[in-house]
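Written out below as structure tokens is the structure these notes cover.
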Amino acid sequence: MLLLLHVLMLSLLSGGSARVVQDFEKECGQFFANGKSPTRFPNPQYRQICQTLNNVVYYATFYDTHNKIPVYSAYKFEGLKDCKRQKKWYIEPQLDDNNASPNMQFEKDVKKQGRGDHQALKRDYMKSDHDKGHLEPVFQANSQGCANATFTLTNAAPQNPSFNRGQWRKLEEEMARNLSDQCLPKNYSVYIVTGVVPGTKNINNRVTVPSHFWTAYCCLDNNNKCQVSGRFIGKNKNNAPENKSEVDLKKELETHYNVASFELFDYSTEPPAKKRKLNK
Ligand SMILES: *[C@@H]1O[C@H](CO)[C@@H](O)[C@H](O)[C@H]1NC(C)=O
Ligand SMILES: *[C@@H]1O[C@H](CO)[C@@H](O)[C@H](O)[C@H]1NC(C)=O
Ligand SMILES: *[C@@H]1O[C@H](CO)[C@@H](O)[C@H](O)[C@H]1NC(C)=O
Ligand SMILES: *[C@@H]1O[C@H](CO)[C@@H](O)[C@H](O)[C@H]1NC(C)=O
């Protein structure tokens, strides 16, 4: 009963417009295949963000306030849109102050007190010789508004510049082209999750440098079955990311995150014939 009250109070406190939310499956589940998010870790250092810019929600991010990098961003791909890159980066006001704006904002527009206590800021990257590596990339954004909304530091992690501009970028582009060819013409809904694994180094004594970047997609047909899927993971240096089977990426991420189970999508909905082929 007490627990129930507690949960009730928390959900009341989190309010309707808050963008750091208690349950992003409930608040912005449209970015997850079949409404089901990848695994969420229970520790309080993790926060769930419905990424909002000018009151429009564009994607979802599971954020690690301790390492000050995301675990993953989840989004839908709707085709190559040729969006422009904006130069400035936003931050998430509600990570440092529950009562702050539900919209991502430029740092200068966010109250100074407490700012950056639970997230990375521009200055963390300044002399770091690392790029602000997008999780959801501009190249896969489905509108200019969405492309703008990818420029938030909660959707970025320190990335080796030659990796970011080389092999990782190549993968992002190839993936977008493949999905445009293989899934969109069939009217499949394309769901992508892109994440990082925290490593042992940091920048500015504040922000953890990932050891790995990974990405996975699942194209759902009209019966919500995963018809086409793929997964890649690469070390945070400029080697080609590896194509992984469902089982292998799952195992690798379980080891990296030190958890018993890490689920990306409900692949069980995948047709058996396809599944056998993919696991070969
Ligand atoms: C995206 O950002 C650019 C520059 O920051 C701005 O001029 C443009 O209006 C924005 N577009 C949308 C759709 O928000
Ligand atoms: C794209 O498709 C080609 C041909 O099927 C395949 O060899 C390649 O690995 C795919 N790449 C990605 C990133 O999906
Ligand atoms: C495409 O899929 C959407 C749902 O994702 C559905 O509403 C629409 O009717 C479909 N269009 C066609 C041409 O099948
Ligand atoms: C990954 O490798 C498997 C097995 O070689 C292959 O069937 C599949 O098409 C590859 N996937 C992508 C996206 O390249």
Side-chain angles (χ1 to χ4, degrees), residues 29-35 51-59 75-79 81-91 101 103-109 122 132 134 136-153 155 167-168 170-194 213-234 239-252 264-265 267 269-280:
Q30 68 268 34
F31 303 111
F32 305 122
N34 289 324
Q51 295 280 13
T52 308
L53 175 59
N54 299 329
N55 301 315
V56 182
V57 186
Y58 288 105
Y59 59 102
Y75 46 98
K76 286 190 75 178
F77 174 74
E78 291 170 2
K81 308 288 183 183
D82 200 21
C83 297
K84 300 217 158 38
R85 301 175 65 86
Q86 74 169 25
K87 297 205 172 66
K88 288 207 238 165
W89 288 78
Y90 299 105
I91 64 169
S101 164
N103 287 299
M104 55 179 83
Q105 290 187 319
F106 293 128
E107 215 170 296
K108 65 173 171 51
D109 300 324
K122 257 182 327 195
K132 304 177 195 76
H134 278 86
E136 172 170 11
V138 178
F139 202 74
Q140 295 173 357
N142 57 30
S143 64
Q144 186 59 52
C146 180
N148 287 5
T150 65
F151 280 85
T152 172
L153 290 176
N155 179 49
Q167 292 288 347
W168 187 255
K170 197 176 141 206
L171 173 68
E172 288 171 344
E173 295 185 355
E174 195 177 297
M175 214 169 107
R177 274 195 301 270
N178 280 6
L179 292 169
S180 297
D181 290 349
Q182 296 166 9
C183 293
L184 296 180
K186 295 183 175 148
N187 199 33
Y188 293 165
S189 301
V190 183
Y191 293 88
I192 305 181
V193 182
T194 299
F213 280 67
W214 55 264
T215 188
Y217 57 83
C218 183
C219 302
L220 295 189
D221 67 13
N222 283 343
N223 298 316
N224 297 322
K225 289 198 186 339
C226 188
Q227 291 285 3
V228 179
S229 68
R231 297 141 293 264
F232 293 86
I233 184 166
N239 296 335
E242 287 179 64
N243 166 357
K244 293 279 179 183
S245 72
E246 172 196 333
V247 176
D248 286 351
L249 183 62
K250 180 176 154 65
K251 277 199 204 133
E252 188 166 341
L264 283 167
F265 300 110
Y267 294 110
T269 57
E270 205 162 332
K274 198 90 176 179
K275 195 165 174 181
R276 240 178 281 123
K277 203 171 131 213
L278 278 173
N279 286 346
K280 205 162 52 181

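Each ligand, and each atom within it, is numbered from 1 in the order the structure gives. Throughout, residue positions are numbered sequentially from 1 according to the sequence presented.
- Every atom of ligand 3 with a heavy atom of S189 under 4.0 Å away is listed here by number and element: 5 (O).
- Checking side-chain atoms of R231 against main-chain N and O of A216 turns up no donor-acceptor pair under 3.5 Å.
- Residues Q140 and I192 come closest through the heavy atom pair OE1-CD1, 3.6 Å.
- Ligand-side atoms of ligand 3 in range of N222: 2 (O), range being under 4.0 angstrom from any heavy atom.
- Atoms of ligand 4 lying under 4.0 Å from at least one heavy atom of Y217, given by number and element, are 13 (C).
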Do any nitrogen or oxygen atoms of ligand 1 lie under 3.5 Å from a protein nitrogen or oxygen, and which ones?
unit_1, atom_1, unit_2, atom_2, d
ligand 1, 2 (O), Q86, OE1, 3.2
ligand 1, 2 (O), N148, OD1, 3.3
ligand 1, 2 (O), N148, ND2, 2.3
ligand 1, 5 (O), Q86, OE1, 3.0
ligand 1, 11 (N), N148, ND2, 3.0
ligand 1, 14 (O), N148, ND2, 3.2

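- Separation of the Y191 and Y217 ring centroids does not fall under the 6.0 Å cut-off.
- The only member of F139, F151, Y59, F213 that meets ring-ring contact (aromatic ring centres under 6.0 Å, His included) when paired with H134 is F151.
- For residues 174-184, no pair satisfies salt bridge (charged side-chain N to carboxylate O under 4.0 Å, His left out), with sequence neighbours left out.
- Distance check for C218 and C226: the SG atoms are under the 2.5 Å cut-off.
- Side-chain N or O atoms of D221 include one that pairs as donor or acceptor with a backbone N or O of N223 at under 3.5 Å.
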